[in-house]
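Heads up: the structure comes next, in structure tokens.
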Amino acid sequence: MRFKAVFLDAGETMIHPHPSFGELFAEVLAGAGHRVEIQRILDTVSVYSQRWAETARRDGPWSTSSTSSRDFWMEIYAGFLADLGVKGEAPALDQLAQTMYRTFSDPASYRAYPDVLPALEALAERGYSLGLVSNFEEWLELILEAVEITAFLPVRVISGVEGIEKPDPRIFEIALERAGVAAEESVYVGDHPHFDVEASEAVGMFPVLIDRHGRYADAAGARIESLVELPALLEVA
């Protein structure tokens, strides 16, 4: 085989808010007495998927400590509420943003995508070493346990644990060293062109973009829409 190891991102690659970010957001709003049409929320989510990346690139590491994580997400949620036109006094809006933060920091709010377990099983059967490299808080470990995929990922490099965040090449180098493989023998699968594709390619890994929502239909290079496509892709890469 050309490759010996496959490393994967976490959010939007293997796990997602349940039932979805938009629906969970709508539930929190409704609980606070704010009724917002789900389509407005989904449209705003689409905008914020890009804004999240811009904020992360502008402000630098956000997931490497509990303080930086909280500050980052509180800013995101406050902006989200403003764009939705949610009205209220400043203390009430701040409390609502805090509720959002608690909700999306709860491991119980996450699930694995249906294609994750079949894909990991297929990759393991083919002899690939598997691992995870993710910009995520340290409690990602609790999510992985809850969705029962920890055993498939013996190498787990999480920015909230390591204090290093993609696109810093060191986070990939840690994973490669722990797995005992060279960059050119390794694949990295993630959902973002900059933080995942460009960053892993710069280290010498083979990048694969997973585009579950069709945001990057014109992206160059290897692109899949489901992880079940990955084993066949690697056979011809």
Side-chain angles (χ1 to χ4, degrees), residues 9-60 62-63 69-116 134-137 140 143 147 166-167 189-198 208-220 223-227 229:
D9 185 29
E12 299 299 316
T13 298
M14 292 193 290
I15 62 171
H16 66 95
H18 176 75
S20 70
F21 182 87
E23 290 168 288
L24 197 55
F25 206 103
E27 289 177 13
V28 175
L29 287 176
H34 299 281
R35 301 288 178 179
V36 181
E37 293 181 2
I38 187 64
Q39 191 57 52
R40 283 191 61 204
I41 294 174
L42 295 177
D43 290 344
T44 306
V45 167
S46 179
V47 171
Y48 265 77
S49 65
Q50 180 62 36
R51 193 170 299 177
W52 169 88
E54 293 171 353
T55 302
R57 293 182 73 166
R58 182 194 69 215
D59 296 346
W62 60 269
S63 62
S69 167
R70 178 181 173 80
D71 291 346
F72 176 82
W73 286 114
M74 288 291 287
E75 178 183 347
I76 292 290
Y77 296 142
F80 202 113
L81 292 170
D83 284 2
L84 286 173
V86 175
K87 305 295 184 182
E89 298 295 329
L93 291 177
D94 182 67
Q95 183 61 45
L96 185 53
Q98 291 183 45
T99 301
M100 295 290 180
Y101 181 74
R102 288 194 300 271
T103 298
F104 287 100
S105 298
D106 183 353
S109 296
Y110 293 84
R111 299 289 188 277
Y113 288 103
D115 59 344
V116 172
S134 179
N135 285 359
F136 216 106
E137 295 85 350
L140 174 59
I143 300 177
V147 301
K166 296 179 296 183
V189 184
D191 66 293
H192 196 272
H194 173 65
F195 291 101
D196 297 320
V197 174
E198 293 175 5
V208 177
L209 176 68
I210 181 163
D211 187 13
R212 293 185 179 278
H213 306 290
R215 295 174 179 142
Y216 310 107
D218 297 328
R223 173 183 171 275
I224 56 178
E225 296 183 353
S226 168
L227 285 178
E229 302 172 47

Item to check | Residues forming a ring pair (Phe, Tyr, Trp, His ring centres under 6.0 Å) with Tyr101, sequence neighbours excluded | outcome: none

Next on the checklist: Tell me which pairs pass salt bridge (Lys or Arg N to Asp or Glu O under 4.0 Å) where either residue lies in residues 76-99, with sequence neighbours left out.
Outcome noted: Arg51-Asp83

Checklist outcome for this item: Rounded to the nearest 0.5 Å, the CE atom of Met100 sits from the CH2 atom of Trp73 at a distance of 12.5 Å

Item to check | salt bridge (Lys or Arg N to Asp or Glu O under 4.0 Å) partners of residues 22-37, not counting sequence neighbours, each pair once | outcome: none

Checklist entry - Can you tell me how far the CG atom of Asn135 sits from the OG atom of Ser69, to the nearest 0.5 Å? => result 11.0 Å

Next on the checklist: Between the side chains of Lys166 and Asp9, is the shortest nitrogen-to-carboxylate-oxygen separation below 4.0 Å, so that they form an ion pair?
Outcome noted: yes

Checklist entry - Does the side chain of Glu137 come under 3.5 Å of the side chain of Ser63 through a donor N or O and an acceptor N or O? => result no

Checklist entry - Do any N or O atoms from the side chain of Asp211 and from the backbone of Tyr216 form a donor-acceptor pair under 3.5 angstrom? => result yes

Item to check | Which residues share a side chain to side chain donor-acceptor pair (under 3.5 Å) with Arg111, sequence neighbours left out | outcome: none

Next on the checklist: What's the separation between atom CZ in Arg70 and atom OG in Ser105, rounded to the nearest 0.5 Å?
Outcome noted: 9.0 Å

Item to check | All salt bridge (charged side-chain N to carboxylate O under 4.0 Å, His left out) counterparts of Glu75, not counting sequence neighbours | outcome: Arg58

Item to check | For Val208, all residues meeting side-chain contact (heavy atoms from CB on, under 4.5 Å), sequence neighbours excluded | outcome: Val187, Val189, Phe206, Ala222, Ile224, Leu230, Leu233

Next on the checklist: List the residues meeting side-chain contact (heavy atoms from CB on, under 4.5 Å) with Leu93, not counting sequence neighbours, and say none if there are none.
Outcome noted: Val86

Checklist outcome for this item: The ring pair (Phe, Tyr, Trp, His ring centres under 6.0 Å) partners of Phe195 (sequence neighbours excluded) come to Trp52, His192

Checklist entry - Among all residues two or more places apart in sequence or in another chain, which pass the side-chain contact (heavy atoms from CB on, under 4.5 Å) test with Asp106? => result Ala108, Ser109

Item to check | Non-neighbouring partners of Asp115 that pass salt bridge (charged side-chain N to carboxylate O under 4.0 Å, His left out), sequence neighbours left out | outcome: Arg212

Checklist entry - What distance separates Trp62 CH2 from Asp71 CG, expressed to the nearest 0.5 Å? => result 12.5 Å

Item to check | Residue list, side chain to side chain donor-acceptor pair (under 3.5 Å) with Thr99, at least two apart or on another chain | outcome: Arg102

Next on the checklist: Distance check, rounded to the nearest 0.5 Å: Ile210 atom CD1 versus His213 atom NE2?
Outcome noted: 9.0 Å

Checklist outcome for this item: With sequence neighbours left out, the residues meeting salt bridge (charged side-chain N to carboxylate O under 4.0 Å, His left out) with Glu225 are Arg223

Checklist entry - Would the Tyr110 and Phe104 ring centres measure less than 6.0 Å apart? => result no

